[in-house]
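Below: one structure, written as structure tokens.
As the structure lists them, so they are numbered: ligands from 1, and atoms in each ligand from 1.
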Amino acid sequence: MIDKIKALEKHSRLLNPGQAQRNAWDSAVWDYANTFIRHLNTTQSFFPSSKKEINSTHWNIGEAGISMEEILKTVVQNIDEVGLNPASAGHMGYIPGGGLYPAALGDYIAAVSNRYAGIFYTAPGAVRLENMLVRWMCRLMGYPETAIGNLTSGGSIANLVAIVTARESYPITAKDIPTAVVYISEQTHHSIQKAIRIAGLSEVQIRYVPLDEGLRISVPDLEKTIKEDIKHGLTPFFVVASLGTTNTGAIDPIAPIGKLAKKYGLWFHVDAAYGGFFKLVAAMAEKFQGVEMADSITLDPHKTLFLPFGSGTILIKEPKKLLKAHHYLADYMQDTLSANEEISPADISPELTKHFRGMRLWLPLKLFGLKPFRSALEEKLLLTQYFYGKVREWDSFEVGPEPELSVAMFRYLPRATDPNAFNKALIEDIKEDGRIFLSSTTIAGVFWIRVAIVIFRTHLAEVDLLLDIIQEKIRLRTL
Ligand SMILES: *Cc1c(COP(=O)(O)O)cnc(C)c1O
């Protein structure tokens, strides 16, 4: 047996390479990263997949390993150079990501040390750091010091945690589901409906509250709907205000919706996945009035704090409600209980073993300080107004509502052809060109092209390039 163990050990030791091997890998990966970042200004924002076959023949997992160089080659050719490039300055579709470089280093540190960040007992430093980040976000939103929250993998999971917490604390049990009512709008992010279904609440009544001309929830209509529902014996349960809709960046009237929620006893959720961190811009304070009334708030550092994907946050005003929905004590976890420990992520989220994702958030915030974040966010707001102002002046163009955040909508009005068909073709031209990536939306049957300026690498030059590209593509189409 000893011989067998020793023979196995010889091979299993390969999993723990020495410094020379680690350095060689590090330097190959660093070369890859530097080349990737250096080329971001000249590379495409979008690689149409029709133009390229993904060659995945080397991807199958075999008994023997291959070299780092071979691995990186397939990453570049078959992963990086197909589809959307969400790190590039020209990515102005959807709500873009970005991916601050020091956040990658934070991930590296977290993965190398592999702290067990789910439980205070096992990683008191890591858990305290994450709780500190949550408290920082709570303060930013005007929440009391007693509020808590959890760093999630994204906004969808944050919305799911919110709805599950609301369900457990209300509580909505099986018999209550068919008479419980959820109030959203046509512009609410679809992750809310998905969360309702995952939370076992598919049979609730969903009301789509009418919108005003700025595509914000109409508060009088919301109150009217709630009153009618009460009259019919239903239970108004949950209302969502979007602090920045993904589609158009419209901000629902936060304080008035909060007041109605209080008056009629609804759980008030603010989905600030896109807009939340614009609070860092002093001039935006007014738009956030009333956000502190929310029972729960979703934030998404992988959007407006420019982190790589995999960083969301849920904030909950009353800790006991989050605990009630998520706390569970297994017998084999009894060592982890102690009298004075801080709250552990495992007690307030669906996760147990988790990535120490606080590190990727904390590292860039500490390295840069807040000032460049505030400047970048204000710059994006102004770039959006600049773009909107230019297009509004152009002949034969129509623009959407005045941008409240960093999304603007426009469409070209051709003289003879159907505008929807023309703008669909126009956005295909822009995608095919690939330098700038835009997305589109349809509102009340009208096809709009959306420009969302969120990437930290996007500056005036890219917005001017976009304006040129739009003019150029229109010229080619209307020749
Ligand atoms: C992006 C977004 C979500 C979903 O967040 P993910 O991080 O993509 O899961 C939810 N709500 C709003 C308003 C969003 O913009």
Side-chain angles (χ1 to χ4, degrees), residues 84 86 91-100 103 137 141 149-164 166 182-199 208-209 211 214-217 238-254 257 268-279 284 287-288 291 294 296-315 349-351 355 357 360-361 377 380-381 384 403-409 439-441 443 450-455:
L84 181 60
H91 175 22
M92 304 184 206
Y94 311 115
I95 301 290
L100 292 174
M137 289 186 253
M141 293 298 122
N150 181 245
L151 304 181
T152 64
S153 57
S156 301
I157 300 296
N159 282 338
L160 177 63
V161 169
I163 198 136
V164 168
V182 173
Y183 302 83
I184 59 176
S185 85
E186 295 284 354
Q187 295 295 315
T188 304
H189 194 270
H190 72 271
S191 59
I192 294 284
Q193 279 124 301
K194 193 166 150 185
I196 288 170
R197 195 169 72 223
I198 299 170
Y208 294 90
V209 182
L211 300 163
L215 300 173
R216 296 166 294 235
I217 284 180
F238 193 86
V239 60
V240 180
S242 303
L243 209 162
T245 61
T246 315
N247 227 3
T248 73
I251 300 178
D252 288 330
I254 304 293
I257 295 176
F268 178 35
H269 178 62
V270 171
D271 185 354
Y274 159 44
F277 291 104
F278 283 107
K279 182 84 194 291
M284 296 295 288
K287 308 237 182 205
F288 283 79
V291 69
S296 50
I297 304 171
T298 287
L299 296 171
D300 233 358
H302 65 202
K303 286 177 177 164
T304 32
L305 274 186
F306 317 121
L307 289 204
F309 297 137
S311 286
T313 303
I314 182 68
L315 305 178
S349 80
E351 292 180 304
H355 177 56
R357 52 177 77 91
R360 52 158 41 203
L361 175 54
L377 288 165
K380 306 315 160 206
L381 293 171
T384 312
E404 291 193 80
L405 291 170
S406 66
V407 176
M409 299 198 303
S439 60
S440 65
T441 185
I443 296 170
R450 279 173 82 254
V451 177
I453 302 179
V454 184
I455 303 261

Contact atoms of ligand 1, heavy-atom distance to [X] under 4.0 Å:
X: Gly154; answer: 7 (O)
X: Thr246; answer: 12 (C), 13 (C), 14 (C), 15 (O)
X: Lys303; answer: 1 (C), 2 (C), 3 (C), 4 (C), 5 (O), 14 (C), 15 (O)
X: Ser191; answer: 10 (C)
X: Ala273; answer: 2 (C), 3 (C), 10 (C), 11 (N), 12 (C), 14 (C)
X: Ser156; answer: 4 (C), 5 (O), 6 (P), 9 (O)

Do you know the tightest heavy-atom contact between [X] and [Y]?
X: Ser406; Y: Val454; value: OG-CG2, 3.7 Å
X: Pro301; Y: Leu361; value: CB-CD1, 4.2 Å
X: Met137; Y: Thr313; value: CE-OG1, 3.5 Å

To the nearest 0.5 angstrom, please state how far the OG atom of Ser242 sits from the CD1 atom of Ile217. 6.5 Å
Side-chain touch Asn159/His269, heavy atoms, less than 4.5 angstrom: yes
Under 4.0 Å, heavy-atom basis, I'd like to know which part of Asn159 is in contact with ligand 1: side chain, backbone, both or neither. side chain
Taking the inter-plane angle between the rings of His302 and Phe309 on a 0 to 90° scale, is it parallel (under 30°), tilted (30 to 60°) or perpendicular (over 60°)? perpendicular
Heavy atom of Ser242, distance to ligand 1 below 4.0 Å: no
Of His189, His302, Gln187, which has the heavy atom at the shortest distance from atom 10 (C) of ligand 1? His189
Heavy atoms only: which of Leu243, Thr245, Asp271 is nearest to atom 11 (N) of ligand 1? Asp271
Under 3.5 Å: N/O of Ile157 near N/O of ligand 1: no
Tested for side-chain contact (heavy atoms from CB on, under 4.5 Å) against Val407, the lone hit among Asn247, Val451, Ile95 is Ile95
